[in-house]
*Asks:* 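Got a structure for you, written out below as structure tokens; questions coming shortly.
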Amino acid sequence: MSSLSRQVQPSEAYLGKLTPADWATLAKRDVLVKGGKGQYGIMAATSVPHALAWDVLTDYKNFYRFLPTVVKSRVVEVDGDRTVVEQIDRRRILLSTMESKVLTENLELDGQQISFRLLEGNLEYMYGHWRIDTATLAPGTEPVRLLSQQVRAEADVGPFKSMFYSLFEAGLIDTIKALRGEMERRAASSNL
């Protein structure tokens, strides 16, 4: 049985925390990053339809095709709205290549939020959620989808903690850009 929360925070409460500068960042199609030291909020805007964004976000078995450091991904278990996913991640750090296996539990809520947590992997812990919200970035503009991730993670890396945080944050940015890119690629190919 999952210990993940089944509560979806109302989008007004979630988006109400964004400042005018945050909205301006999103309107420029830049990735918005808030937080640090293992606790992050990250967000990007896209004009794709909600259903297409959700399809990409839940395309677990194909993550290796479009996420930059994922070299293998597979669904281990599905039980209703709960999916356990295994990913093999490979990245270059300094002069060596590091490979890690991560097993996550993902709970899909109302086609809007995915709560997740680390079941196995080389981190001490990792948990959070992905969301897709619809919002207008500026008065008089078309509504867009806001893809966001809230995540907490920690690793036992001793004196290299600041390097871990930097690499983790960079990975979050690369991942959200890749997800948005895949969403927009699929939207463009469906319009052909």
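This structure is a prediction, so every number in the text was calculated from the model and none was measured. We number each residue from 1, following the sequence as shown.
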*Asks:* Do Val75 and Trp54 sit in the same hydrophobic cluster, where Ile, Leu, Val, Met, Phe, Trp and Tyr count as joined when their side-chain heavy atoms come under 4.5 Å apart?
*Replies:* yes
*Asks:* Can you name the closest pair of heavy atoms from Leu146 and Ala135 and give their distance?
*Replies:* CD1-CB, 3.7 Å
*Asks:* Is any side-chain heavy atom of Leu109 less than 4.5 Å from a side-chain heavy atom of His129?
*Replies:* no
*Asks:* Answer yes or no: is there a side-chain heavy-atom contact under 4.5 Å between Lys72 and Lys101?
*Replies:* no
*Asks:* Short question: side chain of Ser73, backbone of Phe63 - any donor-acceptor pair under 3.5 Å?
*Replies:* yes
*Asks:* Are Leu103 and Val71 joined in one hydrophobic group, where the rule is that I, L, V, M, F, W and Y side chains link up if heavy atoms are under 4.5 Å apart?
*Replies:* no
*Asks:* Do you reckon Ile88 sits in the same ILVMFWY cluster as Phe168, going by side-chain contacts under 4.5 Å, direct or chained?
*Replies:* no
*Asks:* So do Ile176 and Trp130 actually touch side chain to side chain, heavy atoms under 4.5 Å?
*Replies:* yes
*Asks:* Nearest 0.5 Å, what's the CD1-CG distance between Ile132 and Leu57?
*Replies:* 5.0 Å
*Asks:* State, without any angle test, whether Thr69 and Asp89 hold a side-chain donor-acceptor pair at a distance under 3.5 Å.
*Replies:* yes
*Asks:* Can you see which heavy atom on His50 is nearest to which on Arg145, and at what distance?
*Replies:* N-NE, 3.7 Å
*Asks:* Please evaluate residues Leu26 and Leu18 with respect to the criterion side-chain contact (heavy atoms from CB on, under 4.5 Å), reporting the C-alpha separation (whole Å), side-chain torsions for both, the decisive distance (0.1 Å), and the verdict.
*Replies:* CA-CA 10 Å; Leu26 293 166; Leu18 297 178; 4.2 Å; yes
*Asks:* Does a side-chain heavy-atom distance below 4.5 Å link Phe66 with Val56?
*Replies:* yes
*Asks:* Hydrogens and angles aside, do Glu154 and Tyr165 bring a side-chain donor and acceptor to less than 3.5 Å of each other?
*Replies:* yes
*Asks:* Can you tell me how far the CD atom of Glu184 sits from the CG atom of Leu52, to the nearest 0.5 Å?
*Replies:* 10.0 Å
*Asks:* Is a side-chain donor-acceptor pair under 3.5 Å present for Thr104 with Gln87?
*Replies:* no
*Asks:* So, for Met183 and Val48, which heavy atoms are closest and what is the spacing to 0.1 Å?
*Replies:* O-CG1, 3.6 Å
*Asks:* Has Glu124 got a side-chain atom pairing as donor or acceptor with Asp156's backbone, closer than 3.5 angstrom?
*Replies:* yes
*Asks:* Taking atom CG of Asp133 and atom OG of Ser148, what is their separation to the nearest 0.5 Å?
*Replies:* 5.5 Å
*Asks:* Flag the pair Asp22 and Lys34 as a salt bridge only when some basic side-chain nitrogen lies within less than 4.0 angstrom of an acidic carboxylate oxygen.
*Replies:* yes
*Asks:* So which atom in Val144 and which in Thr46 form the shortest heavy-atom distance, rounded to 0.1 Å?
*Replies:* CB-O, 3.4 Å
*Asks:* I need the Thr134 OG1 to Gln112 CD distance, nearest 0.5 Å.
*Replies:* 8.5 Å
*Asks:* Applying a strict under-4.5 Å side-chain criterion to I, L, V, M, F, W and Y, I'd like to know whether Val84 and Tyr60 cluster together.
*Replies:* no
*Asks:* Going by heavy atoms in the side chains, are Leu179 and Gln149 under 4.5 Å from each other?
*Replies:* no
*Asks:* Mind checking whether Leu172 and Leu118 sit in one hydrophobic cluster, side chains of I, L, V, M, F, W, Y counted as touching below 4.5 Å?
*Replies:* yes
*Asks:* Does the side chain of Met163 reach to within under 4.5 Å of the side chain of Val157, using non-hydrogen atoms?
*Replies:* no
*Asks:* Whether the side chain of Lys161 engages the backbone of Ala155 through a donor-acceptor N/O pair (distance < 3.5 Å, no angle test) should be reported.
*Replies:* yes
*Asks:* State, to 0.1 Å, how close Leu67 and Ala178 come at their nearest heavy-atom pair, and which atoms those are.
*Replies:* CD2-CB, 4.1 Å
*Asks:* Taking atom CZ of Arg131 and atom CD of Gln113, what is their separation to the nearest 0.5 Å?
*Replies:* 5.0 Å
*Asks:* Quick one: OG on Ser100 to CG on Asn122, what's the gap to the nearest 0.5 Å?
*Replies:* 4.5 Å
*Asks:* Is there a donor-acceptor pair under 3.5 Å between the side chain of Arg180 and the backbone N or O of Arg29?
*Replies:* yes
*Asks:* Take Met126 and Phe116 through the side-chain contact (heavy atoms from CB on, under 4.5 Å) test and state the conclusion after the steps.
*Replies:* CA-CA 8 Å; Met126 181 180 70; Phe116 65 87; 4.1 Å; yes
*Asks:* For a 4.5 angstrom cut-off between non-hydrogen side-chain atoms, does Ile42 reach Thr175?
*Replies:* no
